[in-house]
Amino acid sequence: MAVEPKTSTLTKVYYADTKEGERTQIAYVQSIPEFLTPPEAITWSALDIDDERQAPGRKKAESMEIEFLFTQEQYQKLKELQTANKNVYWFIQLPAETAETAGKPLTWNFQATCYVGMSEIAVDDMLKSKITLYRNTEIEETEGFPTV
């Protein structure tokens, strides 16, 4: 049975001190950049072939910028993480209705430190902040939040 593609609305971002610990949601996320990227290509050739070939190499270290509309309390909590240079778990969870099993939508998690900045302040625009995540672990994919 085919399932229609779903909207990205209600995708959520959380952070927590531990993988299975209490999570805090970052509300009003505007967008989440590409985060499952392929490794850099390694190009090679040999004398007995007339073209170049490629193989997957290493993935470059990448930071991730997430723009969100913020409340002062939320902004202050994130700044505390930044000031403490705290390495926490971050979770990106797709909407619940995208899950094949109830309550278990695809969820990605990784550890990262963060930097909280401000986006452009412009006439007729919302006040937005931008959090940069400096990922330092592999991205893990689970159905629902990770469990022990």
Side-chain angles (χ1 to χ4, degrees), residues 3-46 51-122 125-148:
V3 177
E4 300 264 332
K6 301 290 184 188
T7 178
S8 63
T9 302
L10 300 179
T11 295
K12 297 175 182 167
V13 177
Y14 300 84
Y15 65 90
D17 288 332
T18 63
K19 197 185 275 191
E20 295 85 22
E22 184 178 335
R23 295 167 191 91
T24 302
Q25 182 183 350
I26 296 180
Y28 316 116
V29 172
Q30 294 268 275
S31 66
I32 299 168
E34 180 179 18
F35 61 93
L36 294 176
T37 56
E40 292 283 316
I42 297 173
T43 303
W44 60 276
S45 64
D51 60 349
E52 289 185 336
R53 310 284 168 94
Q54 287 189 331
R58 293 187 180 267
K59 288 182 83 170
K60 284 191 168 193
E62 299 173 328
S63 58
M64 178 186 307
E65 285 187 353
I66 299 175
E67 191 170 65
F68 64 100
L69 306 174
F70 68 93
T71 63
Q72 186 172 352
E73 178 186 11
Q74 182 179 46
Y75 179 83
Q76 289 170 333
K77 284 182 180 179
L78 291 169
K79 285 298 272 189
E80 287 172 15
L81 287 178
Q82 173 189 318
T83 302
N85 198 31
K86 196 166 186 179
N87 194 38
V88 296
Y89 283 89
W90 295 86
F91 304 87
I92 298 171
Q93 187 172 67
L94 296 182
E97 64 269 8
T98 64
E100 207 170 279
T101 305
K104 298 213 175 257
L106 283 177
T107 304
W108 293 271
N109 74 80
F110 53 90
Q111 283 186 283
T113 57
C114 69
Y115 179 84
V116 183
M118 285 293 292
S119 291
E120 176 185 19
I121 298 172
D125 199 2
M126 302 293 286
L127 291 174
K128 297 179 232 175
S129 186
K130 193 177 282 188
I131 185 167
T132 302
L133 302 178
Y134 300 100
R135 185 172 58 83
N136 52 51
T137 62
E138 190 174 353
I139 297 173
E140 181 181 284
E141 181 179 300
T142 56
E143 289 185 9
F145 286 114
T147 57
V148 178

Going by side-chain contact (heavy atoms from CB on, under 4.5 Å), name the residues that satisfy it together with Glu52, two or more places apart in sequence or in a different chain. Thr43, Ser45

Give, for atom NZ of Lys19 and atom OG1 of Thr147, the distance between the pair rounded to the nearest 0.5 Å. 10.0 Å

For residues 108-119, please give each side-chain donor-acceptor pair under 3.5 Å, one per line with the distance, not counting sequence neighbours.
residue: Trp108; atom: NE1; partner: Glu141; partner atom: OE1; Å: 3.0
residue: Asn109; atom: ND2; partner: Glu140; partner atom: OE2; Å: 3.3
residue: Ser119; atom: OG; partner: Glu67; partner atom: OE2; Å: 2.8

Can you name the residues that form a salt bridge (charged side-chain N to carboxylate O under 4.0 Å, His left out) with Glu34, not counting sequence neighbours? none

Give, for atom CG of Leu133 and atom OH of Tyr15, the distance between the pair rounded to the nearest 0.5 Å. 11.5 Å

Give every residue pair that meets the salt bridge (charged side-chain N to carboxylate O under 4.0 Å, His left out) criterion with at least one member in residues 69-79, sequence neighbours excluded. Glu73-Lys77

Per-pair distances, 0.1 Å, donor-acceptor, side chain in residues 57-65, under 3.5 Å, sequence neighbours excluded:
residue: Lys59; atom: NZ; partner: Thr37; partner atom: O; Å: 2.7
residue: Glu62; atom: OE1; partner: Thr37; partner atom: OG1; Å: 2.9
residue: Glu62; atom: OE2; partner: Thr37; partner atom: OG1; Å: 3.4

Using the test side chain to side chain donor-acceptor pair (under 3.5 Å), find all partners of Asn85 that sit at least two apart in sequence or belong to another chain. none

Applying side-chain contact (heavy atoms from CB on, under 4.5 Å), name anything that partners Ala122, two or more places apart in sequence or on another chain. Glu120, Asp125

Thr11 and Pro95 have their tightest heavy-atom pair at OG1-CD, 3.3 Å

Residues at least two apart in sequence or cross-chain that pass ring-ring contact (aromatic ring centres under 6.0 Å, His included) with Tyr75, listed by chain then number, are Phe70

List for me each residue that meets salt bridge (charged side-chain N to carboxylate O under 4.0 Å, His left out) alongside Arg53, sequence neighbours excluded, and say none if there are none. Asp51

Results of ring-ring contact (aromatic ring centres under 6.0 Å, His included) for Phe91 - residues two or more places apart only: Phe145

Just to verify, what does Ser31 make a side-chain contact (heavy atoms from CB on, under 4.5 Å) with, not counting sequence neighbours? none

Less than 4.5 Å apart, side chain to side chain, heavy atoms only: is that true for Ile26 and Ile66? no

What's the spacing between Gln74 CD and Ile131 CD1 if we round to 0.5 Å? 9.0 Å

Report the C-alpha separation of Tyr28 and Thr71 in whole Å, then their side-chain angles, then the decisive distance to 0.1 Å, and conclude whether the side chain to side chain contact (heavy atoms under 4.5 Å, CB included) test is met. CA-CA 9 Å; Tyr28 316 116; Thr71 63; 4.3 Å; yes

Output all residues satisfying salt bridge (charged side-chain N to carboxylate O under 4.0 Å, His left out) with Lys86, sequence neighbours left out; order by chain, then residue number. Asp17

